Amino acid sequence: MHESDLTPHLPRFLQELTEFLAIPSISADPAFKGDVRRAADWLVKHFKDLGASDITLHETPGHPIVTARVGNDPSKPTVLVYGHYDVQPPDPIELWQTPPFTATVRDGKLYARGACDDKGQVFIHLKALEMLRKGGDLPCNLKFLIEGEEECGSTHLEEFVLKNKELLKCDAVVVSDTSMIATDIPSLTVGLRGLCYIEVTLTGPNRDLHSGQYGGAVENPVRALARMITQLHDEQGRITIPGFYDTVRVYDAATRKAMNAIPYDEESYKKELDLKALKGEEGYTTIERVGIRPCLDVNGIWGGYTGEGAKTVLPSKAHAKISMRLVPDQDYKIATKQLMDHLQSLTPPTMRIEMRDLHGGPWGLTPMQGRAFHAAQQAFEHVWNKAPVPVFDGGSIPIVSVMGKALGVDVVLLGFGLHSDAIHSPNEHFTVSHIPKGIATVLEFYKQFAAA
């Protein structure tokens with residue numbers, strides 16, 4: 001099916017996707033638990049409307065997992081489609097040009113939280129299924145696993161996968177939760193970084209103090225935490241945690257040269273971000289820094305008075321959320337302990353530190369040989385008229401590694417977003433033309449995979 005055959009359906013597609021995007025399924029915030037459930041229910045209903053069978057909403061101690069199946073022909077290969085229906089918090093709301101859960105199209109882009117990550121890309125697979133059902137020809141048996149906890153660590157998904165290997169048995173897994181280099185430069189992600197994420201609370205005095213009466217005599221936890229955080233990197237941009245780099249995979253010069261051959265314009269990169277200069281680990285290019293090197297970031301820091309006007313307070317506590325992106329062959333559990341131990345060693349005697357492991361997951365690599373990857377290459381080349389470029393993505397999808405190992409199959413990362421789509425940020429969006437092209441690519445992938 002050509003993308004032009006799908007264009008007449010686009011107004012209806014956008015209306016349906018708008019309904020899905022209107023549900024604020026923010027998995028990390030307990031206040032939105034009911035909305036996360038509503039998004040799962042929306043998927044169940046949509047699968048029913050599409051004629052899927054064995055549609056199940058699996059309860060977990062957290063948010064539900066939705067599975068469905070179409071086709072059960074033993075002579076055909078089976079593809080498992082993974083995605084997630086939960087989204088990141090929209091904060092800061094004031095930076096959105098339009099309300100985050102009211103999908104708005106402007107300049108060829110659909111703006112809403114989850115438009116790209118990952119409701120829009122899940123929707124592409126739903127509409128590909130619809131087109132297959134209307135055509136009456138299923139080249140592959142299809143299974144779907146759509147979870148509601150990806151944005152808070154996929155806490156219960158690994159256990160679900162390990163307990164349901166027979167339910168999820170397949171010949172390949174397809175994940176559409178990644179990006180392309182550009183609309184005119186399709187790409188296939190071959191590597192993802194792992195993740196660890198902690199929350200730190202530093203406590204000084206037992207209560208907030210008057211900064212006039214106590215300032216200069218009692219150490220300020222915000223200052224102390226800021227000082228600790230600055231010590232997590234050296235002047236060369238390297239992470240100072242002892243033993244952190246011991247297992248980091250080192251790539252040879254030829255591999256690094258090939259990696260840096262992908263289309264990339266540093267000046268455009270800076271211009272898009274409104275930056276005069278970039279900064280990272282010395283000795284590596286920007287492409288390498290976000291693809292094959294680990295990093296540590298402060299995702300949030302707060303403490304004391306942050307309201308309007310002045311309040312002369314010396315705060316009792318300071319807080320920070322700190323995450324690390326990890327690369328082959330780092331273990332995220334070991335890295336988390338290393339980070340916590342290092343922060344403990346940096347804590348001054350005037351402070352007490354508490355740390356909470358929020359979530360984490362392993363890195364993943366997709367083999368560039370084999371039936372699934374070849375079918376994805378063929379599909380992109382057929383629809384986008386260009387061979388896709390293999391790239392290492394700086395993001396994390398921990399379940400990719402888990403599913404590949406548990407089910408014993410290759411996982412192919414068939415993503416249709418763009419790095420400029422502002423995922424996790426205000427004004428997240430998805431290129432509207434990628435919807436019909438994405439559907440056509442998925443359909444071609446099934447065709448190529450079945451024929452391989």
Side-chain angles (χ1 to χ4, degrees), residues 27-28 60-63 65 82 84 86 147-165 173 175 177 189 191-202 228-229 231-233 238-251 281 289-300 319-347 353-366 392-408 411 413 424:
S27 57
T60 77
H63 301 300
I65 294 168
Y82 163 84
H84 64 92
D86 63 319
E147 68 153 320
E149 295 184 330
E150 198 275 344
E151 297 293 8
C152 59
S154 296
T155 309
H156 302 100
L157 188 57
E158 181 174 356
E159 180 182 2
F160 178 83
V161 170
L162 295 174
K163 286 184 177 179
N164 291 277
K165 291 182 183 180
V173 177
V175 177
D177 192 17
T189 299
L192 292 163
R193 292 193 286 188
L195 176 71
C196 72
Y197 198 125
I198 70 168
E199 182 173 308
V200 179
T201 297
L202 205 62
M228 290 166 61
I229 287 172
Q231 294 179 73
L232 294 176
H233 290 89
R238 285 176 62 87
I239 296 166
T240 58
I241 299 171
F244 180 76
Y245 289 98
D246 288 355
T247 58
V248 170
R249 186 176 300 186
V250 177
Y251 292 85
E281 184 182 1
R289 287 170 181 167
V290 300
I292 60 168
R293 298 300 292 173
C295 67
L296 182 153
D297 284 296
V298 179
N299 304 113
H319 313 266
K321 292 182 185 288
I322 300 173
S323 67
M324 297 195 299
R325 301 287 177 166
L326 310 171
V327 297
D329 295 292
Q330 292 180 291
D331 184 308
Y332 73 94
K333 294 179 181 177
I334 293 174
T336 299
K337 185 177 185 304
Q338 288 175 325
L339 172 58
M340 288 182 167
D341 288 347
H342 191 46
L343 285 168
Q344 184 73 60
S345 73
L346 295 174
T347 303
I353 190 169
E354 298 173 71
M355 290 171 281
R356 194 156 58 103
D357 181 359
L358 297 182
H359 64 82
W363 48 268
L365 292 175
T366 297
F392 285 80
D393 193 296
S396 304
I397 311 175
I399 199 59
V400 166
S401 176
V402 172
M403 286 195 297
K405 291 177 182 177
L407 302 178
V411 180
L413 299 164
H424 294 203

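Please read these numbers as outputs of a predicted model, since none were measured by experiment.
Taking the side chain as every heavy atom from C-beta outward, Ile241 and Met324 approach each other to under 4.5 Å. Counting only heavy atoms from C-beta outward, the side chains of Tyr197 and Leu339 never approach each other to under 4.5 Å. Looking at heavy atoms from C-beta onward, Arg249 lies out of side-chain contact with Ile292 at the 4.5 angstrom threshold. Side-chain contact check for Val327 versus Trp363: every heavy-atom pair is 4.5 Å or farther apart. The shortest side-chain heavy-atom distance between Thr60 and Glu147 does not fall under the 4.5 Å cut-off. With a 4.5 Å cut-off on side-chain heavy atoms, Ile239 and His233 count as touching. The closest side-chain heavy-atom distance from Met228 to Ile353 is below 4.5 Å.
For Arg325, the side chain to side chain donor-acceptor pair (under 3.5 Å) partners two or more places apart in sequence, or in a different chain, are Ser396. Remark: Glu281 pairs with Arg238, Tyr245, Tyr284, Arg293 by the side chain to side chain contact (heavy atoms under 4.5 Å, CB included) rule, at least two apart or across chains. Applying the salt bridge (charged side-chain N to carboxylate O under 4.0 Å, His left out) rule to Lys165 yields no partners; only residues at least two apart in sequence or on another chain are considered. With sequence neighbours left out, Thr366 forms a side chain to side chain contact (heavy atoms under 4.5 Å, CB included) with Phe373, Leu413. Residues satisfying the salt bridge (charged side-chain N to carboxylate O under 4.0 Å, His left out) test with Asp297, not counting sequence neighbours, are none. Looking at residues two or more places apart in sequence or on another chain, you find a side chain to side chain contact (heavy atoms under 4.5 Å, CB included) between Lys405 and Ser401. Considering only residues two or more places apart in sequence or on other chains, Glu151 meets the side chain to side chain donor-acceptor pair (under 3.5 Å) condition with Gln88, His424. Every residue meeting the side chain to side chain contact (heavy atoms under 4.5 Å, CB included) condition with Thr240, not counting sequence neighbours, appears here in chain and number order: Asp234, His342. Under the ring-ring contact (aromatic ring centres under 6.0 Å, His included) criterion, His156 pairs with no residue, sequence neighbours left out. Listed by chain and number, the residues in a salt bridge (charged side-chain N to carboxylate O under 4.0 Å, His left out) with Lys163 are Glu159 (sequence neighbours excluded). Scanning for ring-ring contact (aromatic ring centres under 6.0 Å, His included) contacts around Phe392 gives an empty result, with sequence neighbours left out.
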request  = Assess whether side-chain contact (heavy atoms from CB on, under 4.5 Å) is satisfied between Val161 and Tyr82, documenting all intermediate values.
outcome  = CA-CA 11 Å; Val161 170; Tyr82 163 84; over 6 Å; no
request  = Before giving the answer on side-chain contact (heavy atoms from CB on, under 4.5 Å), spell out for Leu343 and Leu232 the whole-Å C-alpha distance, their side-chain angles and the decisive distance to 0.1 Å.
outcome  = CA-CA 8 Å; Leu343 285 168; Leu232 294 176; 4.1 Å; yes
key: Residues Ile399, His84; criterion side-chain contact (heavy atoms from CB on, under 4.5 Å); working and verdict   = CA-CA 11 Å; Ile399 199 59; His84 64 92; over 6 Å; no
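Asn299 places a side-chain N or O within 3.5 Å of a backbone atom of Ser323 that can act as its donor or acceptor partner.
Nearest heavy atoms, Pro294 versus Val248: CG-CG2, 4.1 Å. Nearest heavy atom pair, residue Leu162 against residue Ala406, reads CD2-CB, 3.8 Å. Counting all heavy atoms, side chain and backbone alike, Ile198 lies closest to Met340 at CG2-CE, 3.9 Å. Between Leu195 and Tyr332, the closest heavy-atom pair is O-CB, 3.5 Å. Nearest approach of Ser27 to Cys152, heavy atoms of both residues: OG-SG, 3.6 Å. Considering all non-hydrogen atoms of both residues, Thr336 and Cys196 come closest at OG1-CB, 3.0 Å.
Distance CG/Leu296 to CG/Leu326: 9.5 Å, rounded to 0.5 Å. Note that the OG atom of Ser154 and the CD1 atom of Ile65 stand 8.5 Å from one another [nearest 0.5 Å]. To the nearest 0.5 Å, the span separating CG on Leu365 from CG on Asp329 amounts to 8.0 Å.
Within the structure, salt bridge (charged side-chain N to carboxylate O under 4.0 Å, His left out) pairs that include any residue of residues 353-363 comprise Glu199-Arg356 (at least two apart or interchain).
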